[in-house]
Amino acid sequence: MSHFIRKITKDTVAPNTKRGGDLRVMLSPLSVAATSGFMGIGTLQPGEYISEHYHPHSEEFLCVTRGLVLVRLESREITLGPDDALLVPIGVRHRIENPGDTTAALVFSLSPLAPRPDLGHVDCEPLPGEGALPQVGG
């Protein structure tokens, strides 16, 4: 059996800022030939947020490593601090915010993978700096 083992460093992954924050998918089908999901890291500056979205095929696992984040899950609000974790079930709309006055950092993972990458994420509000609601995908 052949294994694909590769170390990924933050500086080699381009940041995705499209939905807010600085998100970097570290381990994925593209970077390490993952077959069951993907994992990444993110930072949110004070007042910054990741726009509301949901994943129709995947659970999302969140773990805060620094600062505070407020996760809005449909009608609930849950605040996470360092070493706190949360599971966002498949199909649950969520928005992630930094209500604090310092940078927040988190680890995220999604599993299982969507049938295609463009089906993995559905935006529910306009993206930061945009006026129109984006379409499914991305």
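Computed from heavy atoms alone, side chains included, the values below leave out hydrogens, waters and symmetry copies.
No chain of hydrophobic side-chain contacts below 4.5 Å, direct or via other Ile, Leu, Val, Met, Phe, Trp or Tyr residues, connects Leu44 to Ile41. Taken together through direct or relayed side-chain contacts under 4.5 Å among Ile, Leu, Val, Met, Phe, Trp and Tyr, Phe61 and Leu27 form parts of separate hydrophobic clusters. There is a path of hydrophobic side-chain contacts, each under 4.5 Å, that joins Leu110 to Leu113. With hydrophobic clusters built from ILVMFWY side chains whose heavy atoms lie under 4.5 angstrom apart, Val92 does not share a cluster with Val122.
A salt bridge between Arg76 and Glu74 is absent, with no side-chain N of the basic residue lying under 4.0 Å from a carboxylate O of the acidic one. Comment: Glu97 engages Arg72 in a salt bridge, judged by a side-chain N to carboxylate O separation of less than 4.0 angstrom.
The heavy-atom pair separating Ala114 from Gly120 by the smallest distance is CB-CA, 3.6 Å. Of all the heavy atoms in Lys7 and Thr9, the pair that sits closest is CE-CG2, 3.7 Å. Closest of all the heavy-atom pairs between Leu70 and Pro99 is N-CD, 3.8 Å. The shortest heavy-atom contact between Arg24 and Val13 is NH1-O, 2.8 Å. In this structure, Gly100 and Pro46 approach most closely via the heavy-atom pair O-CB, 3.3 Å.
Residue Leu106 holds its CG atom at 6.0 Å from CD1 of Ile96, rounded to the nearest 0.5 Å. Atom CG of residue Leu68 and atom OG1 of residue Thr79 lie 7.0 Å apart, to the nearest 0.5 angstrom. Here CG of Leu23 is found 5.0 Å from CZ of Phe108. Values are rounded to the nearest 0.5 Å. Atom CD1 of residue Ile50 and atom CG of residue Leu127 lie 12.0 Å apart, to the nearest 0.5 angstrom. The line from OG of Ser109 to CD of Glu59 is 10.0 Å long, rounded to the nearest 0.5 Å. Taking CG of Leu87 as the reference point, atom SG of Cys63 lies at 12.5 Å (rounded to 0.5 Å).
Not a single donor-acceptor pair under 3.5 Å links the side chain of Asn98 to the backbone N or O of Val69. Side-chain N or O atoms of Arg6 include one that pairs as donor or acceptor with a backbone N or O of Ser31 at under 3.5 Å. Under the 3.5 Å distance criterion, the side-chain polar atoms of Ser36 are left unmatched by any main-chain donor or acceptor of Pro112. Although no hydrogens or angles enter the test, the distance criterion places no donor-acceptor pair under 3.5 Å between the side chain of Ser28 and the main chain of Phe38. Proximity of a side-chain donor or acceptor of Arg66 to a complementary backbone N or O of Ala105 within less than 3.5 Å is not detected.
Around OH of Tyr54, the count of heavy atoms belonging to other residues, nucleotides or ligands within 6.0 Å does not exceed 12.
Annotation: side chain of Val32 is in contact with side chain of Ile8 (closest heavy-atom distance under 4.5 Å).
Relative ring orientation between His55 and His121 is described as perpendicular, the plane-to-plane angle rising above 60° on a 0-90° scale split at 30° and 60°.
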task: Take Val88 and Leu73, measure what side-chain contact (heavy atoms from CB on, under 4.5 Å) needs, and give me the verdict at the end.
output: CA-CA 8 Å; Val88 180; Leu73 300 134; 3.9 Å; yes
- request: Could you give me the CA-CA distance, side-chain angles and deciding distance for His57 and Leu119, then say whether side-chain contact (heavy atoms from CB on, under 4.5 Å) is met?
  value: CA-CA 8 Å; His57 301 279; Leu119 299 176; 4.3 Å; yes
message: Please determine whether side-chain contact (heavy atoms from CB on, under 4.5 Å) holds for the pair Leu62 and Val107, giving the CA-CA distance in whole Å, both sets of side-chain angles, and the decisive distance to 0.1 Å.
response: CA-CA 6 Å; Leu62 301 172; Val107 176; over 6 Å; no
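Side chains of Glu52 and His94: a donor-acceptor N/O pair is absent below 3.5 angstrom, by distance only. No side-chain donor-acceptor contact under 3.5 Å links Glu125 and Ser51.
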